[in-house]
Protein chains: 2
Amino acid sequence: MATLGDVAALAGVSISAVSRVLSNDASARVSATTRTRITEAAKALNYRPNFAGRALKFSRSNVIALIVPDLTNAVFAELMRGVEDGALERGYVVLLARAEDMQPGGEMIDRLLGEGRVDGVLLQVGDHVAPEALASMLRAANPTVLVNSVHPGFSGSVTLDDIAAGRLATEHLLTLGHTRIALINGLTTTHTAQQRAIGFREALAAASGAGTAPGPDAAADSGPITWHGYEPRAGRAALRELMDAAEPPTAVVVANINAAIGVLGEARVLGIRVPEELSVVAIHDAWTAENTWPPLTTVRMPLYELGRRGVDALYARLHGETIADTVVSDPPPELLVRESTAPPIRR
Amino acid sequence: MATLGDVAALAGVSISAVSRVLSNDASARVSATTRTRITEAAKALNYRPNFAGRALKFSRSNVIALIVPDLTNAVFAELMRGVEDGALERGYVVLLARAEDMQPGGEMIDRLLGEGRVDGVLLQVGDHVAPEALASMLRAANPTVLVNSVHPGFSGSVTLDDIAAGRLATEHLLTLGHTRIALINGLTTTHTAQQRAIGFREALAAASGAGTAPGPDAAADSGPITWHGYEPRAGRAALRELMDAAEPPTAVVVANINAAIGVLGEARVLGIRVPEELSVVAIHDAWTAENTWPPLTTVRMPLYELGRRGVDALYARLHGETIADTVVSDPPPELLVRESTAPPIRR
DNA sequence: ATGAAAGCGCTAACAC
DNA sequence: GTGTTAGCGCTTTCAT
């Protein structure tokens, strides 16, 4: 690893001259000859500015941490890509971390930040994190931006339009002619699940309001909602529960694609044919949706853009700006009709 | 961010005293009183050693990079966990990077290493990387360890026992009574695919050798092999190809679980019932295997241990030891029988 | 037992 | 135009 000193020696100039040239200081006055001598020497030695030296000088690492609950969740693939691209564009490197290692109470994050390893944190909080645990790491001037999550009293979240997603998925089923529709949702504690439930109810209410006279109790019009979580096994449990009812649904909105995969599996076990006897539409798209049977109808969310906007927000915060919560709705949620949804069977 | 100087000032001692105490220098002679004064001051100020300062001093970052072709591939989940755990144990932090960003020709890796951001690299090379591209970054004293891959002339790989995996999967189908067995494999260029093919042929040869008289041309005994790749769509293409044959197989070994998911999907499209008309066993286990229909029989590989051993090897290399190639076979590949395999139909 | 000082690689203010 | 110098936070001789 060649240093500035090495380059300076080879070029026969001072260290500061080299520094000026190689960091392309605009206001640097250097003769053309020395400039070429320096750049050539640097190239010959394959010079790269030492990371630690810079970080020490600037007290800034140009690294941001991205923390997601589960790295292998295909849903986060796009998010990560967006973050990486946004970061690269701004000269940042992304340190990807497992939320697992971040327990308990953000000790690991404190370390990352406290030791100056990273300048800021992009945090997608997992479903099972208690708000209290979050509170400790969101205190004070902590350069953190929440992605896809919110926290009471914390300003600096960037989220998706989950209401629209819930509405879109539900409208699709209504359009097909379904009337008994259920929502297989995430945990009640999560903001995303709450939002998706709102969209679900909105669509149902609008339909019943338009189609029939507005009932006195709109609540009775709304379909059943389960709140088991976003994992495949949560989807399985939810479906069993719903199918036990006296009048089981003919269609379900599943708030997460992974849970939907569980729903599909459980439907097979229960002998329920999809889409003939049960239509399934899931929120979030991923490669897995094309490889289930039947292929899953999904609502594609702008996760890539979410990642980029998250970096934008963190960048702004790192530069002293106070940032407001933002909802990423461009491009808007998009319905991808595959083969898991169909009109209900007449009988 | 409190510095050593801050702690020293608060404790009323010199900076060097603080350094000695806080880095628990065993050979440091310090009075009990100053020691407690220092530790208390450090605690009061929530002191954390500055990363850049240390890295600069030691010319060592205590960070290793883990590069995998696709972060969201469930197969790598275990690998990552093993790496993280192994690294943490040794006081290292893991910088997770997309192979995507590493193109072309390892420019990004050169940067990571050249700027001193990481001390070494754990590299799982993707299927589509040309050996020439790899050669440039594996030259000289590059502190790199290949995981799950090999490179001609490069010593420092840690791999799995893919021969045993191929053999185990094939033996399972043989035991069920299948005689027309095919291998849906990865690209010919990948070491893992080659090894799995060896195991596949070994099992077939052993069976034909034991069951009948050893034929003069053992090659004729071996089942057909396709080499399309490890992705779902590669699996689909492979199945279509195999089923076009005059005597299609009654069972397939799929060299990768993701390809196997594609195989299952394509079987549905072709109207082939699994396992009645076609048994499917895949190498590598993941949560997805439990959620396909039917649930996939798989061969579980010790990927967690692979990760840990990879860190071991890199650590050794970073400390000047020359390391040999190693094969991680403890625990050995394990067959997980689910519902995608069954005896062939008699006719 | 404790402190002073040098130096890791870099940048920027300040000479000349 | 170019060089000298101080200092970012840390560890480690070397004095005392």
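A note on names: the letters A, B, ... follow the listed sequences, proteins ahead of strands, and every chain is numbered from 1.
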| query | When rounded to the nearest 0.5 angstrom, what is the spacing between CG in B/Leu146 and CG in B/Asn148? | reply | 10.0 Å

| task | Spell out, as yes or no, whether a donor-acceptor pair under 3.5 Å connects the side chain of A/Ser23 to the backbone of A/Ser19. | result | yes

| remark: Taken to the nearest whole Å, CD1/A/Ile38 to C1'/D/dT2 is 9 Å

| request: Send over the distance from A/Asp119 CG to D/dC8 C1', rounded to a whole Å. | output: 15 Å

| remark: A/Val13 meets the side-chain contact (heavy atoms from CB on, under 4.5 Å) criterion, sequence neighbours left out, with A/Ala11, A/Ala17, A/Val18, A/Thr34, A/Arg37, A/Ile38

| Going through the checks in order, is the salt bridge (Lys or Arg N to Asp or Glu O under 4.0 Å) test met by B/Arg111 and B/Glu115? | CA-CA 6 Å; B/Arg111 247 194 77 191; B/Glu115 296 179 357; 3.1 Å; yes

| query | In residues 6-13 of chain B, what residues come within less than 4.0 Å of DNA chain C, judged by heavy atoms? | reply | B/Val13

| Strand-adjacent residues in residues 48-56 of chain B, judged by heavy atoms under 4.0 Å from DNA chain D | B/Arg48, B/Pro49, B/Asn50, B/Gly53, B/Arg54

| query | Heavy atoms, side chains only, cut-off 4.5 Å: are A/Asp85 and A/Tyr304 in contact? | reply | yes

| Test item: A/Met80 and A/Val94 side chains (from C-beta on) under 4.5 Å apart, heavy atoms | no

| query | Taking the six-membered ring of B/Tyr92, is the NZ or CZ of B/Arg90 close enough (under 6.0 Å from the centre) and on axis enough (within 45°)? | reply | no

| request: Answer yes or no on whether B/Arg54 is positioned over the face of B/Phe58, meaning its NZ or CZ is under 6.0 Å from the six-membered ring centre and within 45° of the axis. | output: no

| task | Have a look at A/Tyr230 and tell me which of A/Asp127, A/Asn73, A/Thr192 forms a side chain to side chain donor-acceptor pair (under 3.5 Å) with it. | result | A/Thr192

| message | Is there a salt bridge (Lys or Arg N to Asp or Glu O under 4.0 Å) between B/Arg81 and B/Glu78? Walk through the geometry before answering. | response | CA-CA 5 Å; B/Arg81 281 194 48 242; B/Glu78 287 293 296; 3.2 Å; yes

| remark: To the nearest 10 degrees, the angle between the two end axes of the helix from C/dA1-D/dT16 to C/dC16-D/dG1 (five pairs per end) comes to 50°

| First and last nucleotide of DNA chain C touching chain A, 5' to 3', heavy-atom cut-off 4.0 Å? | C/dG9 to C/dA13

| remark: 5'-most contact on DNA chain C (nearest-nucleotide basis), A/Leu4 vs B/Lys57, goes to B/Lys57

| How is B/Ser31 classified with respect to the nucleic acid when contacts are heavy atoms under 4.0 Å: base, sugar-phosphate, or nothing? | sugar-phosphate

| task | Scan A/Thr3 against the nucleic acid and name what it touches under 4.0 Å (heavy atoms): base, sugar-phosphate only, or nothing. | result | sugar-phosphate

| query | Run the side chain to side chain donor-acceptor pair (under 3.5 Å) check on A/Arg60 and A/Asn62 step by step: do they pass? | reply | CA-CA 6 Å; A/Arg60 192 159 49 71; A/Asn62 277 311; 3.3 Å; yes

| task | Check the pair B/Thr159 / B/Ser157 against side chain to side chain donor-acceptor pair (under 3.5 Å), numbers first and verdict last. | result | CA-CA 6 Å; B/Thr159 54; B/Ser157 287; over 6 Å; no

| request: Answer with yes or no whether B/Ser19 presents, from its side chain, a donor or acceptor under 3.5 Å of a partner atom in the base of D/dT12. | output: no

| said: Which residues pass the ring-ring contact (aromatic ring centres under 6.0 Å, His included) test with A/Tyr315, not counting sequence neighbours? | reply: A/His319

